[in-house]
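Structure record follows, encoded as structure tokens.
Heads up: numbering here begins at 1 and tracks the sequence.
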Amino acid sequence: FVDYGMQEIINEIGTISFGGDAGDFKLKFGKVRIGKPNIKEADGATRTITPNEARIRNLTYSAPIFVEITPIINGVQDKSEIVHIGDLPVMVRSKLCVTHGLSREELIEMGEDPDDPGGYFIINGTERVLVLIEEIVSNKPIFEREDDIITVRINSEKSGFKQRHLIERKPDGEITI
């Protein structure tokens with residue numbers, strides 16, 4: 001998502017046009033860049049933040065998103081500007097995380113647990129995990145293959161009554177329901 005997805009979304013938008021009495025006005029979107037996780041302090045200073053500091057200070061561990069925007073007024077292209085359009089929560093130990101690629105010693109020095117695998121976000125100081133929930137559609141088979149075993153799951157539903165079926169075909173040809 002970070003490497004390609006965000007840029008694809010911006011490319012899909014491309015240009016936004018505004019028409020009116022003042023003439024033709026367009027905004028052309030260009031390259032997307034994501035900065036390092038940072039925090040803006042009360043005095044206005046911006047600096048890099050670590051996951052541990054975000055936990056301790058009840059902050060969101062996020063990185064700024066910048067987009068190059070070029071205004072086009074009545075067909076004349078103006079100077080491009082880099083605009084901060086929002087912040088992206090950063091997954092701990094991801095490519096964007098300041099702990100990415102650090103040695104055990106560097107992680108310990110930074111106040112991080114070197115055995116922490118990451119894979120979660122820190123929102124307002126709290127560790128949050130995204131959990132994928134697979135919602136099985138009624139009356140539609142879901143096929144899975146693991147090695148030589150084929151499994152079919154079906155959630156049958158009729159008149160509000162639900163019944164789950166699991167059908168397996170084993171390598172020797174035996175079928176179990």
Side-chain angles (χ1 to χ4, degrees), residues 1-17 27 29-39 49-67 83-104 107-108 110-177:
F1 179 73
V2 169
D3 287 340
Y4 307 106
M6 290 184 73
Q7 187 64 56
E8 286 177 12
I9 291 167
I10 294 298
N11 291 345
E12 196 173 299
I13 294 169
T15 304
I16 296 177
S17 299
L27 292 177
F29 296 98
K31 190 164 173 53
V32 175
R33 184 178 64 81
I34 301 172
K36 282 287 186 187
N38 64 35
I39 183 68
I49 187 173
T50 65
N52 193 41
E53 184 179 357
R55 285 185 205 96
I56 292 168
R57 294 182 58 195
N58 294 332
L59 301 171
T60 296
Y61 188 58
S62 62
I65 305 169
F66 299 100
V67 177
V83 179
H84 176 229
I85 62 166
D87 294 316
L88 177 72
V90 174
M91 183 183 290
V92 175
R93 297 287 197 276
S94 72
K95 183 177 180 176
L96 289 178
C97 183
V98 296
T99 63
H100 179 72
L102 297 181
S103 67
R104 286 184 70 83
L107 288 169
I108 291 168
M110 200 179 246
E112 294 291 325
D113 179 0
D115 297 321
D116 180 1
Y120 57 89
F121 300 90
I122 301 171
I123 309 296
N124 296 329
T126 306
E127 295 175 352
R128 302 284 181 166
V129 178
L130 293 178
V131 179
L132 177 66
I133 299 174
E134 181 181 338
E135 186 64 38
I136 299 172
V137 179
S138 295
N139 303 321
K140 300 281 183 192
I142 296 177
F143 295 86
E144 293 177 354
R145 178 180 214 138
E146 190 172 315
D147 298 323
D148 290 335
I149 300 173
I150 298 173
T151 305
V152 180
R153 290 183 290 145
I154 303 173
N155 276 7
S156 298
E157 182 178 357
K158 185 172 184 180
S159 304
F161 178 74
K162 293 183 181 184
Q163 178 68 47
R164 183 171 191 195
H165 304 280
L166 183 65
I167 304 165
E168 279 187 343
R169 189 182 86 186
K170 301 196 174 158
D172 63 359
E174 177 186 350
I175 296 176
T176 60
I177 301 176

Residue pair [X] / [Y]: nearest heavy atoms and the distance that separates them:
X	Y	result
Glu127	Arg55	OE2-NE, 2.7 Å
Ile149	Pro171	CG1-CD, 3.9 Å
Pro51	Glu112	CB-OE2, 3.3 Å
Ala54	Tyr61	CB-CB, 4.0 Å
Ile122	Leu59	CG2-O, 3.8 Å
Ser138	Glu157	OG-OE1, 2.6 Å

Would you say [X] and [Y] make side-chain contact, with heavy atoms under 4.5 Å?
X	Y	value
Ile167	Ile177	yes
Ile49	Arg57	no
Thr151	Glu146	no

- Message: Test of understanding: with ring-ring contact (aromatic ring centres under 6.0 Å, His included), list the residues that count as partners of Phe66, not counting sequence neighbours.
- Response: His84
Results of side chain to side chain contact (heavy atoms under 4.5 Å, CB included) for [X] - residues two or more places apart only:
X	value
Val2	Ile34, Leu88, Leu96
Thr50	Asn52, Glu53, Val98, Met110
Asp115	Arg104, Asp113
Asn58	none

- salt bridge (charged side-chain N to carboxylate O under 4.0 Å, His left out) pairs touching residues 167-177, sequence neighbours excluded, are none
- Message: Whether the side chain of Asn155 engages the backbone of Lys162 through a donor-acceptor N/O pair (distance < 3.5 Å, no angle test) should be reported.
- Response: no
- Who are the side-chain hydrogen bond (donor to acceptor under 3.5 Å, both in side chains) partners of Asn38, not counting sequence neighbours? none
- Item | side-chain hydrogen bond (donor to acceptor under 3.5 Å, both in side chains) partners of Ser156, counting only residues at least two apart | His165
- Task: Taking salt bridge (charged side-chain N to carboxylate O under 4.0 Å, His left out) as the test, write out the residues that go with Lys31, two or more places apart.
- Result: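 Partners of Lys31 by the salt bridge (charged side-chain N to carboxylate O under 4.0 Å, His left out) criterion come out as none, since no residue qualifies.
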Side-chain polar contacts of residues 4-16 - donor-acceptor pairs under 3.5 angstrom, sequence neighbours left out - could you list them?
residue	atom	partner	partner atom	Å
Gln7	OE1	Val32	N	2.8
Gln7	NE2	Asn11	OD1	2.9
Gln7	NE2	Gly30	O	3.2
Asn11	ND2	Gln7	O	3.4

- Query: CZ of Arg93 to CG of Leu107: how many Å apart, nearest 0.5 Å?
  - Reply: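 So the CZ of Arg93 and the CG of Leu107 are separated by 5.0 Å.
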